[in-house]
Amino acid sequence: MRHHRGVPFSRLTTVLVAAILASCSLSGTGRTAETSEISPEEPRARARDLQIVIGRYPPGPFNAITDVAGVKVGHVTLIKGEGPLKPGEGPVRTGVTVIIPRDDVWQRKVPAGAFVLNGTGEMTGLAWVAESGFLEYPIALTNTLNVPRVANGIISWMIKRYPGIGITDDTLTPVVAECDDGRLNDIQGRHVSEQDVIQALDRAAGGPVAEGTVGAGTGMVSYGFKGGIGTSSRRLPDEEGGYTVGVLVNANHGRRPELVIAGVPVGRLYDRDEPFGGQSSVPEGAGAVAREERPGGGEGSIIVIIATDAPLDSRQLTRLAKRAALGLARTGSTARHGSGDFMLAFSTANAIPHYPKDRTFSMTHLADTHLNPLLTATVEATEEAIVNALTTARTVVGRDNHRVEAISLTRLRTLLSLPR
């Protein structure tokens, strides 16, 4: 077992909880989240607030992808209705999360690279990222069937800011990554609208990032527990460059027995005092709330977005994206046949001009021989972001009364021998 150093309960946790609750308001319709469908339970906390310390590098001030200066994150969370599924109507347990690499990224593009560990899923726009070596618009995360509507939202938001797109300027191929939230959500309803995406982009900000059951993570299930959005960062010491690496994940992957936290096989130990998973399937109309059928039985997916202020080119960022797979593996995933594991990395250190007047432009480039600390930081931040997604997520009752429990922090403390 890794050593767990004492970390005091931080003021940041209070800020994060407030941000999570605030993010549950619905956009553009005057509706409000039906909070009864997110069950009251023990207070949620991030890994470090539980005194789980992963890796050797310290996090940045927010322990979030927004520790990379200029990066912004926005969510819109959609929660509505309860009971039996009515395709196209609800219940709704979904949302959208956006990451803006920098202001005016269209004119000042960021170098980028990507890696697909297992491709049962989709992240649009990767062909252009691979061909060009840069990213020139925000990234959006949502559910599988909402990809086209979310792409439309990004296009509309971009055209409003750059009216020449498609007329006197280039067109764009948005980067939209998906995970399937159909176990809890009326996914056929495609409830995330263009306006929801625009609102998420407009409200995107730096600073603390809401995690867990929020935005694109609202309906996600990970390792048989409630999953969703998680984030973490690492700050290298000055002698190793002083760079920051930030990671944001949408965790919807893994099976219960696979889960490992801080080197402990939590998934195998968690249910040892009761029948595995405590699964039950309650017939419709039985008046009881069912646990999610076959917890962790699906293959699932995960999206990993990596930001850094280190001066890396597209080739090096692709190498960074590959290392996120090792962080994923440290939590127990084996990237099963039916999983979609997509990693995208970008650097804010250089700006690639949109239409440079000169034939050449200069970019600072980190030597490969100094890359190792960044690779390690990526692995650590990815692992911790996944754990944060689990420990901050709240129990959700979704369509057909399917219930997905949040991991019990009380039980987790016991399994990891953490102080109360």
Side-chain angles (χ1 to χ4, degrees), residues 65-74 98-115 123-140 151 154-177 201-202 204-206 235-236 238 240-246 305-323 343-375 377-378:
I65 193 171
T66 49
D67 285 321
V68 178
V71 176
K72 299 177 180 179
V73 175
V98 297
I99 303 99
I100 302 177
R102 66 153 57 109
D103 290 337
D104 198 16
V105 70
W106 181 246
Q107 301 289 349
R108 302 174 65 247
K109 309 174 194 306
V110 292
F115 176 65
M123 180 184 281
T124 66
L126 289 192
W128 179 231
V129 170
E131 188 72 21
S132 67
F134 57 67
L135 182 67
E136 54 188 344
Y137 19 74
I139 303 159
I154 292 178
I155 291 169
S156 296
W157 189 81
M158 289 289 293
I159 288 174
K160 184 177 179 180
R161 280 152 184 77
Y162 307 97
I165 285 176
I167 302 174
T168 59
D169 203 346
D170 288 341
T171 57
L172 67 150
T173 53
V175 175
V176 183
L201 289 162
D202 286 343
R235 168 83 179 178
L236 300 185
D238 290 343
E240 293 183 337
Y243 304 117
T244 297
V245 175
I305 307 299
I306 305 153
T308 185
D309 57 9
L312 307 183
D313 63 14
S314 177
R315 176 186 60 82
Q316 293 170 315
L317 289 162
T318 298
R319 298 182 72 189
L320 230 64
K322 290 178 180 179
R323 270 43 177 205
M343 293 85 178
L344 175 65
F346 63 85
S347 167
T348 61
N350 291 293
I352 299 174
H354 188 49
Y355 285 137
K357 293 180 181 179
D358 298 328
R359 292 184 183 275
T360 62
F361 62 91
S362 298
M363 292 177 61
T364 304
H365 187 276
L366 185 72
D368 281 352
T369 51
H370 293 277
L371 194 59
N372 283 337
L374 292 165
L375 301 179
T378 300

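- In summary, of the residues considered (Thr173, Ile155, Ile100, Ile165), a side-chain contact (heavy atoms from CB on, under 4.5 Å) with Tyr137 occurs for Thr173 alone.
- Residues Arg315 and Asp368 meet the side-chain proximity criterion, which asks for heavy atoms closer than 4.5 Å.
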Checklist entry - Is there a side chain to side chain contact (heavy atoms under 4.5 Å, CB included) between Leu320 and Phe115 once you walk through the steps? => result CA-CA 9 Å; Leu320 230 64; Phe115 176 65; over 6 Å; no
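- For Asp169, there are no salt bridge (charged side-chain N to carboxylate O under 4.0 Å, His left out) partners at least two apart in sequence or on another chain.
- With hydrogens and angles disregarded, no donor-acceptor distance shorter than 3.5 Å links the side chain of Arg108 to the backbone of Pro353.
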Next on the checklist: For a salt bridge (charged side-chain N to carboxylate O under 4.0 Å, His left out) check, start with the C-alpha distance between Asp103 and Arg161, then their side-chain angles and the critical distance, and finish with the verdict.
Outcome noted: CA-CA 11 Å; Asp103 290 337; Arg161 280 152 184 77; over 6 Å; no
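- A pairwise comparison of heavy atoms in Ala321 and Gly113 identifies CB-O, 4.3 Å as the closest pair.
- Listed here is the closest heavy atom pair of Ile65 and Ala307: CG1-CB, 3.8 Å.
- The heavy-atom pair separating Pro111 from Leu312 by the smallest distance is CB-O, 3.6 Å.
- Shown here are the ring-ring contact (aromatic ring centres under 6.0 Å, His included) partners of Trp128, two or more places apart in sequence or in another chain: Phe134.
- A donor-acceptor pair is defined here as one N or O able to donate and one able to accept, closer than 3.5 Å; no such pair exists between the side chain of Arg102 and the backbone of Ala69.
- Nearest heavy atoms, Glu240 versus Pro373: OE1-CB, 3.7 Å.
- A pairwise comparison of heavy atoms in Val105 and Pro138 identifies CG1-N, 4.4 Å as the closest pair.
- Taking the side chain to side chain donor-acceptor pair (under 3.5 Å) definition, one finds that Asp313 meets it with His365, sequence neighbours left out.
- For the pair Thr308 and Thr244, the tightest heavy-atom approach, listed with the atom from each and the gap, is OG1-O, 2.8 Å.
- Distance CG/Leu344 to CD1/Ile305: 4.5 Å, rounded to 0.5 Å.
- Atoms CD1 and NZ, from Ile99 and Lys72 in turn, are 14.0 Å apart once rounded to the nearest 0.5 Å.
- Listed for the Gln316 side chain is no donor-acceptor partner under 3.5 Å among the backbone atoms of Leu371.
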